[in-house]
Amino acid sequence: MTKKHDKLVDLVTPSRPTGPIAHRVKGMKDIQPGAYPAWEFLLQSAGRLARLRGFERIDTPVLESYSLYERSSGRTSDIVTKEMYSFLDKSGERLALRPEATPGIVRAYIEHGWFNLPQPVKTLWYGPLFRRDKPQLGRYRQHYQLNFDIFGEPGPLAEVELIFLIHELLNDWGIEAQIDINSLGCVDCRPNYINELVKYYKEKKHREQLCPDCRKRLIKNPLRLLDCKEPACEALAQGAPQLIDFLCEPCKQHLVKVLEFLDNLGIQYNLNSQLVRGLDYYNRTVFEVVMPSESAQRPLALGGGGRYDQLIESLGGRPTPACGFALGMERLLLYLDPHKVEVSQTRPDVFLAQLGDGPRLKSLQLFEELRQAGLTVHQAFTKNSLKSQLALANQLKVKYALIIGQKELLDGTILLRDMESGSQEVLDLKRVKSIMLKRLAKTK
Ligand code: HAM
């Protein structure tokens, strides 16, 4: 039998929710403590190199209208047909979480009249994208990209500048990847090639080997047959006619110029006739940054892009040539040289350690004083033991620790500890700022 006061306890004890632990949505990733320095390193280095080359940072909304992607990424592309997160807004408009950045950037270019700005307009965009893809290592349902785009430059130098930037970035990050290049031709020469390609795949012995998806592609988007990941389709693609043999003279000349410039700059590339990209808007040069894999698996793409001279016009803008590329942050992080991140980390100048309430208060004031003098100061005001505070200082590779206890507080002094040699000396608290500024100027 329940006693009366047990019931009372039941009434006053807040009910605890029970059930399975909350978990993240499939394909989503958390960035946990300790992981951010690598992200920051990539972003800072990309921002610095892009700024030097005249790229300006822009941003676009996470939500766009669904039709924007249908009209740009492609009605038959995997992104639109299989991977978009979309929903009906209360207004009845179908909206989508952006699966890629290019359509939103182009919409902004048209909507805000960026063609009135001095051309070429060069933009750097960074943000999260959403694709309901099959999750695996390096493939998530939310991923982050760095996008670099150039608007208003029709000549091959635009692609060369982008590929050169990729080359510089990879060097900065210590990533040894391969740059694949192909040309997709233009509205004049591509149809002839597509006819030949369809003829090849329609041959009975070839068609029988196609996967179900590729049978649909043969009708809806034959170029994508070259990009299928199924082993039988991959083998068939090897023997297919090559687009490069069907390029019209202007497209051929454009490609030759791009390759000549890259040769002159000493940038290595791999001509890959099967590179078609998964998005509908590209013409002429397309490229991908790939990490050749040691196993039989397909190489992982760290980034990709190309020219999209008709996209702005097809979305209602005035005809404007454009090209760009995007790098996938999560994939770059898989290959980033950790040493580069470590070297990029600024070591704090001083660690402030304290023992007891009075010293803690004093060190809070001193922390602000030293910080305002331009020093990078670290502390662990919530820790009580000196041992654990110094362990943290060691971990942070700080050169000096300043230690203040009850005795020092009473004497108006502070202990300066050289963290490398372990030697200690007593300093006058009033002079600590000027002494530290002098010492650090010497050691920097
Ligand atoms: P994309 O090839 O679809 O191109 O994506 C660019 C890069 O984003 C890929 O090479 C890959 O590194 C990364 N990425 C794509 N999907 C995922 C995923 N599910 N998980 C992790 N990383 C992923 C575009 O999006 C074009 N809009 C690029 C562009 C910019 N073209 C012209 N300007």
Side-chain angles (χ1 to χ4, degrees), residues 26-29 31 42 46 50 55 58 60 64 68-69 72-74 77-80 82-85 97-109 120-151 153 158-159 161-163 165-166 169-170 173 175 177-180 182 184 224 227 229 275-291 298-312 320-336:
K26 186 174 173 189
M28 303 286 159
K29 203 170 178 260
I31 305 177
L42 287 179
F55 287 78
I58 55 153
T60 56
E64 297 274 2
L68 174 70
Y69 300 105
S72 49
S73 315
S77 64
D78 283 354
I79 281 187
V80 171
K82 300 182 190 161
E83 296 168 7
M84 270 221 286
Y85 286 94
L97 283 180
R98 59 188 181 202
E100 57 148 339
T102 314
I105 298 173
V106 167
R107 179 204 43 72
Y109 182 94
V121 172
K122 296 174 170 183
T123 57
L124 165 60
W125 180 104
Y126 166 74
L129 300 156
F130 304 85
R131 296 184 187 178
R132 202 177 181 288
D133 209 339
K134 211 162 130 199
Q136 59 187 54
L137 184 72
R139 194 196 288 160
Y140 306 100
R141 292 185 172 177
Q142 174 177 331
H143 74 279
Y144 287 78
Q145 282 184 9
L146 279 162
N147 276 249
F148 303 80
D149 290 274
I150 301 181
F151 298 93
E153 173 52 62
E159 289 98 313
E161 170 148 31
L162 292 173
I163 295 172
L165 181 58
I166 294 178
L169 288 166
L170 294 177
W173 301 335
I175 299 177
Q178 176 179 304
I179 300 175
D180 279 8
N182 195 18
L184 295 184
R224 300 282 337 267
D227 197 32
K229 285 135 192 128
L275 177 62
V276 289
R277 309 275 300 130
L279 301 154
D280 276 4
Y281 45 69
Y282 293 114
N283 66 301
R284 290 197 168 162
T285 327
V286 284
F287 44 91
E288 235 165 47
V289 184
V290 290
M291 210 61 200
R298 275 172 73 101
L300 189 67
L302 305 188
R307 194 163 263 290
Y308 48 96
D309 292 331
Q310 275 78 48
L311 184 57
I312 297 178
T320 311
C323 65
F325 72 92
L327 294 169
M329 290 287 286
E330 290 80 358
R331 296 196 186 172
L332 295 174
L333 287 162
L334 290 175
Y335 297 100
L336 176 64

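What you are looking at is a predicted structure, and each value in this text was computed from that prediction instead of being measured. Start at 1 and go down the list; that is how both ligands and their atoms are numbered. No hydrogens, no waters, no symmetry mates; every other heavy atom, side chains included, goes into these values.
Looking at ligand 1, you won't find any N or O of Arg139 less than 3.5 Å from one of its N or O atoms. An N or O contact shorter than 3.5 Å is missing between Asp133 and ligand 1 by distance. An N or O contact shorter than 3.5 Å links Tyr281 to ligand 1 by distance. At under 3.5 Å, a nitrogen or oxygen of Leu302, whether backbone or side chain, sits near a nitrogen or oxygen of ligand 1. Among the atoms of Ala101, none of the N or O lies under 3.5 angstrom from an N or O of ligand 1. Residue-to-ligand polar distances keep Glu288 apart from ligand 1: every N/O pair is separated by 3.5 Å or more.
Looking at Leu169 and Phe148, their side chains come closer than 4.5 Å, going by heavy atoms from C-beta outward.
Residue contacts with ligand 1: Ile105 is excluded, as none of its non-hydrogen atoms falls under 4.0 Å. Using 4.0 Å as the threshold, Tyr144 has no heavy atom nearer than that to any atom of ligand 1. Ligand 1 has at least one atom lying under 4.0 Å from a heavy atom of Arg277. Ligand 1 has no atom lying under 4.0 Å from any heavy atom of Gly278.
At a 4.0 Å heavy-atom cut-off, ligand 1 touches Tyr308 through the side chain alone. When non-hydrogen atoms are compared, ligand 1 lies under 4.0 Å from neither the backbone nor the side chain of Phe287. Residue-level proximity to ligand 1 for Asp149 is carried by the side chain, the only part with a heavy atom below 4.0 angstrom.
When the heavy atoms of Gly304, Pro99, Ala301 are ranked by distance to atom 12 (O) of ligand 1, first place goes to Ala301. Here the shortest heavy-atom distance to atom 24 (C) of ligand 1, taken over Leu279, Val289, Thr102, belongs to Leu279. Nearest residue to atom 11 (C) of ligand 1 from Arg331, Glu330, Arg307 is Arg331 (criterion: closest heavy atom).
For atom 5 (O) of ligand 1, the nearest protein heavy atom (residue, atom name, distance) is Gln145 NE2, 3.2 Å. In this structure, atom 23 (C) of ligand 1 lies nearest to the protein heavy atom His143 CD2, 3.3 Å.
Using a 3.5 Å distance cut-off with no hydrogens or angles, the side chains of Tyr281 and Thr102 do pair a donor with an acceptor.
We find the OH-CD distance between Tyr144 and Glu330 to be 8.0 Å, quoted to the nearest 0.5 Å.
Contact check on Arg284 versus Glu159 returns no salt bridge, with no Lys/Arg side-chain nitrogen under 4.0 Å from an Asp/Glu carboxylate oxygen.
Remark: side-chain polar atoms of Asp180 are not paired, donor with acceptor, to backbone N or O of Phe287 under 3.5 angstrom.
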